[in-house]
Amino acid sequence: VGTARARRGMRWARATVAVAVALALCACGPSIGTPDSSGRDGATADAACSAPTYCPLEDWSRWQAAVFVLRTIYGSNHTPPPLPGGMSGFDDVPDTHFAAPWIRELADLGITTGCGGTNFCPNDPVSRAQAAVFLVRAEEEAAQAGAALTYQPPTPSGVTFTDVPDTHYFYAWIEDFAARGYPETGCTGNTFCPAEPVLRHQAAQWAWTLRTLVNGDPVTPPPTPSMYTPCDVDATTPHSAWIETIWVDGITRGCGMPVE
């Protein structure tokens, strides 16, 4: 009897773990298919929900940034050109990777040079310093209408953030970024936190600001949505209005592959 009870206990424990894993995967797994255009009530976001999901608290990866940036400056229907010679240009991005054409185009335009050597580090999170470079270069690239980018930031007149001294590798880019009108450029009143990863909710805010700047429009917060399309986003989610705005605009279609 004791052995039978022990076996039943083990089966129950395994089942409990399986359910927990399933719920965790459901919360921010790949979102495949067309988002529900009817949206959802923004009052609450389920801890675990079915697609579509945005994963607002996950890191913004470098391959996701490639897609975000190009769709932001060229429009949601943008499709990158085929890989030249079937090569991504980076040793760690196989030509079969979903984002390989996006990454190659981002590099060909001069918006990225990779993460060192001949690698792109597609799954690494975008740091706040790297985001500053991506977004400044993307805005300048949009102004050049497809020409290869040679832009360099101007020499700053002073230090804005106490944790980004004038000796910091990305000092000039971060100062340039902060001067362009992006909201919440610092992580506190006088610090930038350059090494911290950008989360996807922050990426939504900055991506939409990039679109606004490219269009020459005033940088203002989007209106508060009455409903939210991603089931893991509600009115309490950081930058929820920006998330819904870039979703509706087609800059993002969710989290995971083959969406972003």
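Nothing fancy with the numbering, it's 1 onward along the sequence. Computed over heavy atoms, backbone and side chain alike; hydrogens, waters and symmetry mates excluded.
The closest side-chain heavy-atom distance from P153 to V136 is not below 4.5 Å. At least one side-chain heavy atom of F177 sits under 4.5 Å from a side-chain heavy atom of F192. A heavy-atom distance below 4.5 Å is not found between the side chains of R104 and P80. Between V67 and V69 the shortest side-chain heavy-atom distance does not fall below 4.5 Å.
Looking at every heavy atom in both residues, I243 comes nearest to P230 through CG2-CG, 4.4 Å. For the pair A131 and V198, the tightest heavy-atom approach, listed with the atom from each and the gap, is CB-CG2, 3.8 Å. Nearest heavy atom pair, residue A172 against residue P156, reads CA-CG, 3.8 Å. Contact record, Q144 with T150: OE1-N, 4.5 Å, taken as the closest heavy-atom pair. Taking each heavy atom of A100 and P94 in turn, the nearest pair found is CB-O, 3.6 Å. Nearest heavy atom pair, residue T112 against residue R137, reads CA-NH1, 4.0 Å.
The hydrophobic cluster containing W208 also contains V214, counting ILVMFWY residues as joined when their side-chain heavy atoms lie under 4.5 angstrom apart, directly or transitively. L199 and Y228 sit in two unconnected hydrophobic clusters of ILVMFWY residues. Membership requires side-chain heavy atoms under 4.5 Å apart, directly or through other members. Hydrophobic clustering (side-chain heavy atoms under 4.5 Å, transitive across Ile, Leu, Val, Met, Phe, Trp, Tyr) groups I246 together with V219. Put simply, L83 and V93 are part of two different groups of oily side chains (I, L, V, M, F, W, Y) that touch within less than 4.5 Å, one to the next. In terms of hydrophobic clustering, with Ile, Leu, Val, Met, Phe, Trp and Tyr side chains grouped at heavy-atom distances under 4.5 Å, L210 and V248 are assigned to different clusters.
Rounding to the nearest 0.5 angstrom, the gap separating the SG atom in C187 from the CD atom in E196 is 5.5 Å. Separation of atoms CG (N123) and NE2 (H97) is listed at 5.5 Å; rounding is to 0.5 Å. Expressed to the nearest 0.5 Å, how far OH of Y54 lies from CZ of R200 amounts to 4.5 Å. Atom CG of L70 is separated from atom CD1 of I111 by 5.5 Å, given to the nearest 0.5 angstrom. Interatomic distance, OG of S240 versus CH2 of W247, reported as 14.0 Å (0.5 Å rounding). Here S76 contributes atom OG and R253 contributes atom CZ; the two are 6.5 Å apart, rounded to the nearest 0.5 Å.
No donor-acceptor pair under 3.5 Å is formed between the side chain of D249 and the backbone N or O of I251.
Annotation: cation-pi geometry not satisfied between R128 and W206 (NZ/CZ under 6.0 angstrom from ring centroid, within 45° of ring axis).
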- Task: Show your working on side-chain contact (heavy atoms from CB on, under 4.5 Å) between V233 and E244 and close with a plain yes or no.
- Result: CA-CA 8 Å; V233 174; E244 181 66 14; 6.0 Å; no
- Stepwise, does the side-chain contact (heavy atoms from CB on, under 4.5 Å) test hold for D95 with M87? CA-CA 6 Å; D95 59 357; M87 303 294 290; 5.8 Å; no
- Message: Under the criterion side-chain hydrogen bond (donor to acceptor under 3.5 Å, both in side chains), I'd like the reasoning laid out for T118 against D91: C-alpha separation, chi angles, the key distance, then a yes or no.
- Response: CA-CA 6 Å; T118 55; D91 290 344; 2.5 Å; yes
- Where do F134 and F68 land on the side-chain contact (heavy atoms from CB on, under 4.5 Å) test, with the steps shown first? CA-CA 11 Å; F134 276 1; F68 265 55; over 6 Å; no
- Query: Checking side-chain contact (heavy atoms from CB on, under 4.5 Å) for the pair Y151/D176: CA distance, chi angles, key distance, verdict?
  - Reply: CA-CA 12 Å; Y151 176 81; D176 192 353; 2.5 Å; yes
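Heavy-atom contacts from other residues, nucleotides or ligands closer than 6.0 Å to OH of Y169 number 12 or fewer. Shown here is N77, whose CG atom has no more than 12 heavy atoms of other residues, nucleotides or ligands within 6.0 Å.
Ring pair H239/W242 is perpendicular by interplanar angle, where above 60° counts as perpendicular and below 30° as parallel.
Counted by atom type alone, E141 and Y74 present one or more donor-acceptor pairs between their side chains at under 3.5 Å. Side-chain polar atoms of D232 and T53 form no donor-acceptor pair below 3.5 angstrom.
Paired with F90 under the rule ring-ring contact (aromatic ring centres under 6.0 Å, His included), one option of W63, F120, W102 passes, and it is F120. Put simply, the residue from H168, Q130, Q152 that forms a side chain to side chain contact (heavy atoms under 4.5 Å, CB included) with W173 is Q152.
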